[in-house]
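Written out below as structure tokens is the structure these notes cover.
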Amino acid sequence: MPFLKRPPTSPPLSTLLDIKSQKCGLRHTVFSASGNEYTGEWQNNKKHGKGNQVWKKSGAIYNGEWKFGKRDGYGTYSILLPESKKYVKKYCGEWTDGKKHGYGTYFYKNSSVYEGEWSEDQRSGWGRIYYANGDIYEGKWLKDKNHGEGIFIFSNGNRYEGSWREGKKDGHGKFYYCDKGQLYEGLWVDGVPKCGTLSDVGRDGAPMPAKYQIPKVQRCF
């Protein structure tokens, strides 16, 4: 009767070493070949859970949640200013699949601040932006542009309320000239008023009222 060799009951040593070398669970700082460093949780050899990533070349830092190796969940992304060697926040909010997605706040280099919804790294949905010059826009966005219903308040007090399309006033809207005490209401096309009415609104309290009042239209019988 020939002797039958029993198959091994445990995997070979090379397989065991490979499994042991894979990162899983909470780990101390792990350095990559490029010099980047990550401290946090792992799963199946990928960043997964909460962790802190530092990019050596740019000096940027991400602190937050990860999912299968990508930023996913809530997290804060900060950059290093070369002049002062200080960190400043760039984005604080939700991420999906490594991109800004959901609700978050972005801080621009020129001191403008956007807070609102994102979709795949672009402002999309509802959002409000405070411009460095004092202007404010609040309303709908699509692919980084004002799109839909929104209000734009200028630093001098004037404001536009109405429809937008690809970053321009388009559709029905009202423009309040608060400095002159006048209101234009009508149709806009590609940022230009095309058909509407101009009337006096709060003219007596305006800082720079128009020289002449707009006459009221009266019926003739």
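- Shortest non-hydrogen contact noted between Leu198 and Gln182 is CD2-OE1, 4.0 Å.
- Contact between Tyr77 and Ala60 at its shortest, heavy atoms only, is OH-CB, 3.3 Å.
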Sequence neighbours excluded and cut-off under 3.5 Å, please list the side-chain donor-acceptor pairs for residues 119-130, or say none.
residue: Asp121; atom: OD1; partner: Lys100; partner atom: N; Å: 2.8
residue: Asp121; atom: OD1; partner: Lys100; partner atom: NZ; Å: 3.2
residue: Arg123; atom: NE; partner: Asp144; partner atom: OD1; Å: 3.0
residue: Arg123; atom: NH1; partner: Tyr108; partner atom: OH; Å: 3.3
residue: Arg123; atom: NH2; partner: Asp144; partner atom: O; Å: 3.1
residue: Ser124; atom: OG; partner: Lys143; partner atom: N; Å: 3.0
residue: Arg128; atom: NE; partner: Glu138; partner atom: OE1; Å: 3.4
residue: Arg128; atom: NH1; partner: Glu115; partner atom: OE2; Å: 2.5
residue: Arg128; atom: NH2; partner: Glu138; partner atom: OE2; Å: 3.4

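- The side-chain hydrogen bond (donor to acceptor under 3.5 Å, both in side chains) analysis of residues 57-73, with sequence neighbours excluded, yields the pairs Asn52-Asn63, Lys70-Asp97.
- Leu142 is not connected to Tyr114 by any chain of hydrophobic side-chain contacts under 4.5 Å among Ile, Leu, Val, Met, Phe, Trp and Tyr, and they are in different clusters.
- Between Trp164 and Phe152, the ring planes lie tilted relative to each other; the angle falls in the 30° to 60° range.
- Here side-chain hydrogen bond (donor to acceptor under 3.5 Å, both in side chains) pairs that include residues 147-161, with residues two or more places apart or in two chains, are Asn158-Asp179, Arg159-Glu161.
- Following chains of ILVMFWY side-chain contacts shorter than 4.5 Å, one cannot reach Ile151 starting from Tyr184, and the two form parts of different hydrophobic clusters.
- Minimum interatomic distance between Cys92 and Tyr74 (heavy atoms only, all atoms of both residues): SG-OH, 3.0 Å.
- Side-chain contacts under 4.5 Å among hydrophobic residues (ILVMFWY), followed directly or transitively, place Val54 together with Ile61, Leu80, Tyr87.
- One distance of note links OG of Ser163 with NZ of Lys168; it measures 14.0 Å at 0.5 Å rounding.
- Between Tyr103 and Glu94, the closest side-chain pair of non-hydrogen atoms falls below 4.5 Å.
- Summarising the geometry, atom CG belonging to Asp135 is positioned 6.5 Å from atom CZ belonging to Phe154; distances are rounded to the nearest 0.5 Å.
- In this structure, CD in Glu185 is found 11.5 Å from SG in Cys195, a value given to the nearest 0.5 Å.
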Side chain to side chain contact (heavy atoms under 4.5 Å, CB included) between Lys174 and Leu183: does it pass, once the steps are laid out?
CA-CA 7 Å; Lys174 299 178 181 179; Leu183 165 65; 3.9 Å; yes

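- With sequence neighbours excluded, no residue forms a ring-ring contact (aromatic ring centres under 6.0 Å, His included) with Tyr176.
- Side chain of Lys90 to backbone of Phe107: a donor-acceptor contact under 3.5 angstrom is found.
- Under the 4.5 Å side-chain heavy-atom criterion for ILVMFWY residues, no single connected hydrophobic cluster contains both Ile153 and Tyr131.
- Side-chain atoms of Trp118 and Tyr91, non-hydrogen and from C-beta on, do get closer than 4.5 Å to each other.
- In the hydrophobic clustering of this structure, Val88 does not group with Val113; members are Ile, Leu, Val, Met, Phe, Trp, Tyr whose side-chain heavy atoms approach within less than 4.5 Å, directly or through other members.
- Scored by the side chain to side chain donor-acceptor pair (under 3.5 Å) test, Thr39 finds Thr29 as partners (sequence neighbours excluded).
- Between Phe68 and His48, the ring planes lie tilted relative to each other; the angle falls in the 30° to 60° range.
- Taking 4.5 Å as the limit, some side-chain heavy atom of Gln53 sits within range of a side-chain heavy atom of Asn36.
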